There are 2 protein chains.
Amino acid sequence: MKHLAAQRGKGGPLKKKTQIAQGSLSRIQEKNRALILEAALQEFSKVGYSGATVERIATAAGMSKSNLLYYFPSKAAMYESVLGRILDDWLAPLRTLDPLGDPAQELRAYIGSKLTISARHPQASRLFANEIMRGAPRLGRVLETDLKALVADKCDVIESWIKAGKIRPVNPVHLIFTIWATTQHYADFAPQVRAITGTDLSDPDFFAETEKTVTDLILAGLGLQMPQAAKVA
Amino acid sequence: MKHLAAQRGKGGPLKKKTQIAQGSLSRIQEKNRALILEAALQEFSKVGYSGATVERIATAAGMSKSNLLYYFPSKAAMYESVLGRILDDWLAPLRTLDPLGDPAQELRAYIGSKLTISARHPQASRLFANEIMRGAPRLGRVLETDLKALVADKCDVIESWIKAGKIRPVNPVHLIFTIWATTQHYADFAPQVRAITGTDLSDPDFFAETEKTVTDLILAGLGLQMPQAAKVA
DNA sequence: GCAAAACCTGACCAAACGGTCAAAATGAGG
DNA sequence: CCTCATTTTGACCGTTTGGTCAGGTTTTGC
């Protein structure tokens, strides 16, 4: 998962030999690269790759276009850097799914993590959505190797819970897709959610309501809900 | 919901007076407009509005860029036309949710319809996703008026089922969001689904498996699943 | 405090883009 | 076959965009 990380090789800075150790960056570089990546994330996630302009990103980062291109050799390189930067955070929640834990607790935690990311980093969610909807031109390999392996691994976990009779039988991969879909929906389609409900996940009450409803629905779907079958008058 | 439909007013064809009746189009116009809208849908849904170029759409439609611009005054007009064309089909399934019907049957049918659209018209799904992710600049009004009203109406339906004790209590709007999210996921994120599973909804077996899993999960989540609580050894 | 490296800028360029226009080609009606 | 409206084209234009470059300014190491 490193092939997407900072691959500044030539054309940008850091090409001279008198470098501060290996791969480390000067204070200015660190600050400016961070500013650029943050601005780029905002821009890319808002208008997509083709809609983004280097000029606007530079302005948002508080520097000239030329200066930005001093740090990143091209728009494409900048995009890949942004993508790589958030990829690990993106996959982290799924990694923590523990086969030895209690299914209800594990899934609750996973759904909660994903929803928290949707609330706190909706731009990241939208960036991935954009990338994948365009056919994952730069993420394709990662999906087919790392992500596929990770999902296969966690499918085994779910399968083991099923075999142990801890949850109802479901196709594990669809369960994972369902969790992704529902949680990311609130970030990716926030404008629609806002149009209909008037709020979004940044509102703590709405977040709580969403988390409860989605979690209950999925856990009940797996036969994991506490004995509360009926509750009507 | 008509403000987005064909609003060819000036600049294009049909501006002369010797017209074939009111609003009707010549055979050539009909054919070419259809070709253009089809090509435009493909292009817009694949690369987004900003990523699409008039030239490529024209080539895909089998005509020159100039000729395309004879039929549609601008790229923006073409985009809105595509959007309006598929909007009604998009909302239709939700409209059919019948308060008098059996909840399980109704929801089954709704999920099935949405998933069928994801399978047969994934481009349409992606186009809407793109539009909404960009902040719904041209669909905003429709969402806040028509869609909001429609959802409110159907939330009442679901609420009535809850009050009647036919389904477990859930926040209706989140239930609708969950159905949208899960079904559209397979169209919008098809590249990811393919990377992980090797197929997509165009494969009948995969479609069937998806429909069954998603439907069962949601219905069970609502307490609607037949008495099959446990099935383990 | 002084070189040398790192950082930054504005002017510039070629390509791609959306859109215009005059004129040619094509079709339909008499 | 002629005429006129419709359809189609290619040449063209102004703007925007990603990217380059030569040179100026600041920071850093000694």
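Protein chains get the first letters and strands the later ones, always in sequence-line order, with residue 1 at the start of each. Quantities reported herein were computed from a predicted structural model and do not represent experimental measurements.
Listed in residue order, the members of residues 37-66 of chain A having a heavy atom less than 4.0 Å from DNA chain D are A/A52, A/T53, A/V54, A/K65, A/S66.
Counting only heavy atoms from C-beta on, B/I28 has its side chain closest to D/dT7 among C/dC8, D/dT7, D/dG19. Between C/dC8, C/dT20, D/dT7, one nucleotide has an atom nearer to the side chain of B/L69 than all others, and that is C/dT20. Listed nucleotides: D/dG19, D/dT8, C/dC8. Nearest to the side chain of B/Y71: D/dT8. Considering only the side chain of B/Y70, D/dT7 comes nearest among D/dG19, C/dC8, D/dT7. When the nucleotides D/dT8, D/dG19, C/dC8 are ranked by their closest atom to the side chain of A/K75, D/dG19 comes out on top. Between D/dT9, C/dG19, D/dG19, one nucleotide has an atom nearer to the side chain of B/N67 than all others, and that is D/dT9.
With rounding to whole Å, B/I36 atom CD1 is found 12 Å from D/dT7 atom C1'. If you measure from atom CD of A/E80 to atom C1' of D/dG18, you get 16 Å, rounded to the nearest angstrom. Rounding to whole angstrom units, CG of residue A/N32 and C1' of C/dT9 are separated by 14 Å. Separating the CZ atom of B/R27 from the C1' atom of C/dG29 is a distance of 13 Å, rounded to the nearest angstrom. A/L35 has its CG atom 15 Å from the C1' atom of C/dC7, to the nearest Å.
For A/D188 and A/S125, the side-chain atoms include at least one donor-acceptor pair closer than 3.5 Å.
Within the structure, ring pair (Phe, Tyr, Trp, His ring centres under 6.0 Å) pairs that include any residue of residues 110-156 of chain A comprise A/W90-A/F128 (at least two apart or interchain). Listed by first and then second residue, the salt bridge (Lys or Arg N to Asp or Glu O under 4.0 Å) pairs that reach into residues 46-55 of chain B come to none, sequence neighbours excluded. The ring pair (Phe, Tyr, Trp, His ring centres under 6.0 Å) pairs that include a residue from residues 35-62 of chain A are A/F44-A/Y49, A/F44-A/Y79, A/Y49-A/Y79, where partners are two or more places apart or lie in different chains.
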Considering only nitrogen or oxygen atoms on both sides, find all protein atoms under 3.5 Å from nucleotides 23-26 of chain D and state each distance.
none

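Residues meeting the salt bridge (Lys or Arg N to Asp or Glu O under 4.0 Å) test with A/R108, sequence neighbours left out: none. For A/K31, there are no salt bridge (Lys or Arg N to Asp or Glu O under 4.0 Å) partners two or more places apart in sequence or in a different chain. The salt bridge (Lys or Arg N to Asp or Glu O under 4.0 Å) search around A/K212 returns A/D216, not counting sequence neighbours. For A/F189, the ring-ring contact (aromatic ring centres under 6.0 Å, His included) partners are A/H185, not counting sequence neighbours. Residues that satisfy the side-chain contact (heavy atoms from CB on, under 4.5 Å) test with A/P99, not counting sequence neighbours, are A/V157. Under the rule for a salt bridge (Lys or Arg N to Asp or Glu O under 4.0 Å), the partners of A/R56 that lie at least two apart in sequence or sit in another chain are A/E43.
Between A/F177 and A/H174, the ring planes are perpendicular. Angles over 60° get that label, and only those under 30° would be called parallel.
Under the 3.5 Å distance criterion, the side-chain polar atoms of A/K114 are left unmatched by any main-chain donor or acceptor of A/P93.
One finds no side-chain N or O of B/Q29 lying less than 4.0 angstrom from the OP1 or OP2 phosphate oxygen of D/dT6.
Computed from C1' positions of five pairs at each end, the angle between the two local axes of the helix from C/dG1-D/dC30 to C/dG30-D/dC1 equals 20°, rounded to 10 degrees.
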